[in-house]
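To start, the structure itself, in structure tokens.
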Amino acid sequence: MLILHCPHCGARPETEFVCAGEAQSRPAEPSALDDAAWSEALYARNNTAGWSSELWWHAYGCRLWLRVDRHTVTHEIGSVTRAEGST
């Protein structure tokens with residue numbers, strides 16, 4: 001089981017969180033995208049073996065969105081920070 005160190009609640013088991021997948025930037029000009037580009041932006045993921053930045057929601061805790069740097073092979077947690085825009 002992974003232990004995530006929530007900046008608000010401290011060390012908590014992964015069962016308190018919901019992983020929303022790889023963290024990605026929003027398109028710079030959304031109105032300029034056609035359907036194929038939107039599909040790519042919304043659904044395509046890198047799925048790299050190694051370090052990945054992911055978004056996790058602390059559903060059964062403080063309910064903050066967190067950015068978690070996690071190694072996808074070893075599941076080592078590098079850092080956990082509050083996601084930008086999380087209230």
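Not measured: the values here are computed from a predicted model.
Residue pairs that meet the side chain to side chain donor-acceptor pair (under 3.5 Å) test with at least one member in residues 18-27, sequence neighbours left out, are Glu22-Asn46, Gln24-Arg45.
Residues passing the salt bridge (charged side-chain N to carboxylate O under 4.0 Å, His left out) test with Glu16 are Arg12, sequence neighbours excluded.
With a 4.5 Å cut-off on side-chain heavy atoms, Phe17 and Leu4 count as touching.
Side-chain heavy-atom separations under 4.5 angstrom define the hydrophobic clusters, and Trp51 shares its cluster with no other residue. Other cluster members for Tyr43: Leu33, Trp38, Leu42, joined by side-chain heavy-atom distances under 4.5 Å among Ile, Leu, Val, Met, Phe, Trp and Tyr. In the hydrophobic clustering, where aliphatic and aromatic side chains (Ile, Leu, Val, Met, Phe, Trp, Tyr) are joined below 4.5 Å either directly or transitively, Ile3 stands alone.
Counting heavy atoms of neighbouring residues, nucleotides and ligands inside a 6.0 Å radius, atom CG of Asp34 exceeds 12 of them.
Considering every non-hydrogen atom in both Arg63 and Trp57, the closest pair reads O-NE1, 3.1 Å.
Rounded to the nearest 0.5 angstrom, His8 NE2 and Leu64 CG are separated by 6.5 Å.
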Which donor-acceptor pairs under 3.5 Å do the side chains of residues 66-75 make with protein atoms, sequence neighbours left out?
residue : atom : partner : partner atom : Å
Arg67   : NH1  : Ser53   : OG           : 3.0
Asp69   : OD1  : Ser53   : OG           : 3.4
Asp69   : OD2  : Ser79   : OG           : 2.8
Arg70   : NE   : Glu54   : OE1          : 2.9
Arg70   : NE   : Glu54   : OE2          : 3.3
Arg70   : NH1  : His75   : ND1          : 2.6
Arg70   : NH2  : Glu54   : OE2          : 2.7
His71   : ND1  : Val73   : N            : 3.2
His71   : ND1  : Thr74   : N            : 3.2
His71   : ND1  : Thr74   : OG1          : 3.4
Thr72   : OG1  : Thr48   : O            : 2.8
Thr72   : OG1  : Gly50   : N            : 2.9
Thr72   : OG1  : Gly50   : O            : 3.1
Thr74   : OG1  : Glu76   : N            : 3.3

Side chain to side chain contact (heavy atoms under 4.5 Å, CB included) between Trp65 and Leu55, worked out: CA-CA 7 Å; Trp65 280 95; Leu55 291 176; 4.3 Å; yes
